Asks: 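Okay, here's the structure, questions in a sec.
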Amino acid sequence: MRDLSHVTGSDALILGIETSCDETGAAVVQGGVDVRSNVIASQHTLHQEYRGVVPEIASRAHAERILPVIDQALRDAGASLGDITAVAVGNRPGLIGSLLVGVAAAKALAWSLGLPIIGVDHVHAHLYAGLMRTGAHPAPALDALYPALGLVVSGGHTAMYHCDSPTRVHRLGATIDDALGEAYDKVAAILDLEYPGGPALDRLASSPGASDDAYVLPISRLGRGSLDFSFSGLKTAVLYAVRGVPGRDGAYPHESDSLKDDQRRDLAASFQRAAVEAVLLKLRRALESVQDEPSEDKPPKRRGKHGDGRPGSSHPYRTLLVGGGVSSNSRLRAALTEFARTSGMALHLPPLPLCVDNAAMIAGLGFHLLIEGRVSDWRMTAQPTTSA
Ligand code: KG4
Ligand code: ZN
């Protein structure tokens with residue numbers, strides 16, 4: 001293995017590789033902070049006609065694109081393979097055939113160049129995506145951020161985390177059925193919107209005249225104090241609002257094309273309101289659940305008047321870290337901004353290109369694993385599930 005003793009933290013150039021689902025990504029990140037390049041080859045057009053990701057098509061497309069995407073990321077960064085310090089790859093969670101393409105490419109490159117290889121948990125990397133410098137987006141000082149409350153809202157995952165550092169994260173709760181992005185995509189399909197559904201639904205819900213209280217839709221709470229999420233009931237409520245409740249024969253009373261444009265728009269807005277409120281409800285609970293717990297650097301104070309995490313209450317979190325495709329949603333971003341403000345936390349949302357799947361976040365988190373000595377060995381492989 002190459003001697004890396006001369007490399008200082010701020011010099012380290014990490015090549016990140018991301019192929020967990022339907023985006024083929026490669027990026028070069030310097031010192032864990034500066035995004036020197038971030039290339040994403042989207043497969044949306046390949047999966048459009050199926051209204052969802054077809055795993056076999058996804059892995060074939062990754063195999064065709066991965067080398068040109070890596071070449072492009074190096075060119076954009078003005079770097080060559082000889083400049084790279086280590087290779088980081090998203091090796092979990094995701095579609096196994098897709099992950100294997102990235103892992104094989106990363107291992108081959110690292111092996112042939114004598115570089116360390118670092119397997120990175122894709123969901124944890126989403127929590128890091130908002131902490132890098134790219135374009136006009138500044139990077140915060142990491143030592144002022146933790147402990148942080150983390151939220152990942154993507155097409156495959158919806159979970160909350162207690163974060164003590166970029167690499168030390170502990171899951172507080174997760175969805176028990178659909179991920180939030182999955183619910184957006186399915187509801188968009190019910191409303192006959194274009195694929196991918198999340199951004200289309202966001203646009204329709206935000207269009208002039210949309211009424212977000214035209215339909216009363218359920219906001220899942222689960223058990224008392226539960227920090228898990230559930231979105232399948234909300235999705236089914238939209239389906240029934242559109243097509244009626246199915247009869248004993250399973251047939252729906254209405255066709256989905258019987259929907260008028262204003263109904264479609266109001267349903268989109270009502271769904272979006274309920275979905276965002278369901279996320280906020282769990283964030284509030286997460287703060288309530290730690291109100292009386294002491295933390296290392298912040299002893300418990302008097303419980304806030306409302307016990308809801310406002311300044312003066314005793315939750316330990318300095319920051320709210322959010323990532324995943326749905327963190328680009330306009331209503332969610334506005335609601336999170338207000339929630340963080342009233343709860344006394346600094347909010348770190350990624351810029352839009354780093355909300356969705358990307359390799360910069362893999363390289364960024366990979367850097368922290370590298371400086372902690374947590375490099376992988378050659379047995380590292382693709383895993384379908386997250387590590388925590
Ligand atoms: O993080 P991501 O690229 O992939 C996964 O790790 O799953 O997230 C993709 C998801 C899709 O479900 C997509 O519809 C959703 O993010 N999404 C949105 C918006 N932009 C992307 N959902 C709601 N509003 C948006 N503006
Ligand atoms: Zn993702």
Side-chain angles (χ1 to χ4, degrees), residues 16-25 27 38 40-44 47-48 50-53 55 58 62 89-95 98-99 102 120-130 150-159 161 174-175 178-191 193-207 210 229 231 234-235 238 268-269 271-276 278-279 321-336 349-362 364-365 384-386:
I17 294 178
E18 158 60 35
T19 61
S20 67
C21 189
D22 60 342
E23 319 279 9
T24 314
N38 182 35
I40 303 173
S42 169
Q43 302 179 6
H44 287 163
H47 302 285
Q48 201 161 19
Y50 309 99
R51 292 212 70 109
V53 177
H62 286 309
V89 58
N91 73 317
R92 67 189 309 174
L95 300 170
S98 291
L99 288 166
V120 175
D121 188 303
H122 170 99
V123 187
H124 298 176
H126 272 305
L127 292 170
Y128 188 73
L151 172 71
V152 175
V153 277
S154 74
H157 300 274
T158 297
Y161 294 85
T175 182
D178 292 351
L180 182 55
E182 190 181 353
Y184 262 91
D185 293 340
K186 288 176 177 169
V187 167
I190 294 167
L191 297 179
L193 307 182
E194 72 196 48
Y195 176 88
L201 199 151
D202 188 4
R203 280 194 299 277
L204 184 61
S206 316
S207 60
F229 300 85
F231 296 103
L234 174 57
K235 169 195 70 187
V238 175
F271 164 80
Q272 178 145 286
R273 180 171 73 94
V276 169
V279 173
L321 303 177
V322 187
V326 190
S327 62
S328 45
N329 182 266
S330 57
R331 183 162 185 149
L332 183 62
R333 287 175 90 91
L336 290 171
L349 278 167
L352 295 187
L354 297 187
C355 290
V356 289
D357 288 349
N358 67 87
M361 65 184 191
I362 301 290
L365 185 54
T385 55
T386 180

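Ligands are counted one by one from 1 in listed order, and the atoms in each one are counted from 1 as well. Reckoned from all heavy atoms, side chains included, excluding hydrogens, waters and symmetry mates. Everything numeric in this text was worked out from a predicted model, so none of it was measured.
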Asks: Under 3.5 Å, is there a donor-acceptor pair between the side chain of His62 and the main chain of Cys21?
Replies: yes
Asks: What protein heavy atom lies closest to atom 24 (N) of ligand 1? Include the residue and the distance to one decimal.
Replies: Asn329 ND2, 3.0 Å
Asks: Of Leu180, Val153, Asp357, which has the heavy atom at the shortest distance from atom 3 (O) of ligand 1?
Replies: Asp357
Asks: Could you tell me which atoms of ligand 1, counted from 1 in the order shown, lie closer than 4.0 angstrom to a heavy atom of Gly198?
Replies: 14 (O), 18 (C), 19 (C), 22 (N), 23 (C), 24 (N), 25 (C)
Asks: Output yes when the distance from some N or O of ligand 1 to some N or O of Gly197 is under 3.5 Å, and no in every other case.
Replies: no
Asks: Counting each atom of ligand 1 from 1 as listed, which ones have a heavy atom of Ser328 under 4.0 Å away?
Replies: 19 (C), 20 (N), 21 (C), 26 (N)
Asks: Using 30° and 60° as the class boundaries, would you call the ring planes of Phe229 and Phe231 parallel, tilted or perpendicular?
Replies: parallel
Asks: Would you kindly specify which portion of Asp202 sits under 4.0 Å from ligand 1, judged on non-hydrogen atoms: side chain, backbone, both or neither?
Replies: side chain
Asks: Taking 4.0 angstrom as the limit and counting only heavy atoms of Val356, give me the atoms of ligand 1 inside it, by number and element.
Replies: 3 (O)
Asks: Need the ligand 1 atom indices (1-based, order shown) with element for anything under 4.0 Å from a heavy-atom of Gly181.
Replies: 12 (O)
Asks: So, is Pro196 polar-close to ligand 1, with some N/O to N/O distance under 3.5 Å?
Replies: no
Asks: To make sure I understand the geometry: which N, O or S atom in Asp357 is closest to the Zn ion (ligand 2)?
Replies: OD1
Asks: Which protein heavy atom lies closest to atom 10 (C) of ligand 1, and at what distance to 0.1 Å?
Replies: Gly155 N, 3.5 Å
Asks: Under the ring-ring contact (aromatic ring centres under 6.0 Å, His included) criterion, do Tyr184 and Phe271 qualify, and how do the steps go?
Replies: CA-CA 9 Å; Tyr184 262 91; Phe271 164 80; 5.0 Å; yes
Asks: Could you find the nearest protein heavy atom to atom 1 (O) of ligand 1 and give me its residue, atom name and distance?
Replies: Gly325 N, 2.9 Å
Asks: So do the side chains of Leu201 and Gln272 get within less than 4.5 Å of each other, counting heavy atoms only?
Replies: yes
Asks: Among Asp185, Asp178, Val326, whose heavy atom sits nearest atom 11 (C) of ligand 1?
Replies: Asp185
Asks: Is there side-chain contact between Glu18 and Val120, with at least one heavy-atom pair below 4.5 Å?
Replies: no
Asks: Within the structure provided, determine whether Val276 and Asn329 are in side-chain contact (heavy-atom separation under 4.5 Å).
Replies: yes
Asks: Kindly indicate whether the side chain of Glu23, heavy atoms from C-beta on, has any atom under 4.5 Å from the side chain of His44.
Replies: yes
Asks: Walk me through it: do Ile362 and Ile17 pass the test side-chain contact (heavy atoms from CB on, under 4.5 Å)?
Replies: CA-CA 7 Å; Ile362 301 290; Ile17 294 178; over 6 Å; no
Asks: So, is Tyr184 polar-close to ligand 1, with some N/O to N/O distance under 3.5 Å?
Replies: no
Asks: Quick check on His122 - does any of its heavy atoms sit under 4.0 Å from an atom of ligand 1?
Replies: yes
Asks: Just wondering, is there an N, O or S atom on His126 that's nearer than 2.8 Å to the Zn ion (ligand 2)?
Replies: yes
Asks: Give the atom numbers and elements of ligand 1 that come within less than 4.0 Å of a heavy atom of His126.
Replies: 1 (O), 6 (O)
Asks: Report yes or no: does Thr19 contribute a side-chain atom to a donor-acceptor pair with the main-chain N or O of Gly102 at less than 3.5 Å?
Replies: yes
Asks: Applying the side-chain hydrogen bond (donor to acceptor under 3.5 Å, both in side chains) test to Glu194, which of Arg203, Arg51, Gln48 qualifies?
Replies: Arg203
Asks: Closer than 2.8 Å to the Zn ion (ligand 2), do we get an N, O or S atom from Cys21, backbone or side chain?
Replies: no
Asks: Taking the side chain as everything from C-beta on, heavy atoms only, tell me whether Ser327 gets closer than 4.5 Å to Pro350.
Replies: yes
Asks: Would a distance-only check, ignoring hydrogens and angles, find a side-chain to backbone donor-acceptor pair under 3.5 Å from Thr158 to Val153?
Replies: no
Asks: So is Cys21 in contact with ligand 1, going by heavy-atom distances below 4.0 Å?
Replies: no
Asks: Run the contact test for His157 against ligand 1 with a 4.0 Å cut-off on heavy atoms, strictly below, and give the result.
Replies: no
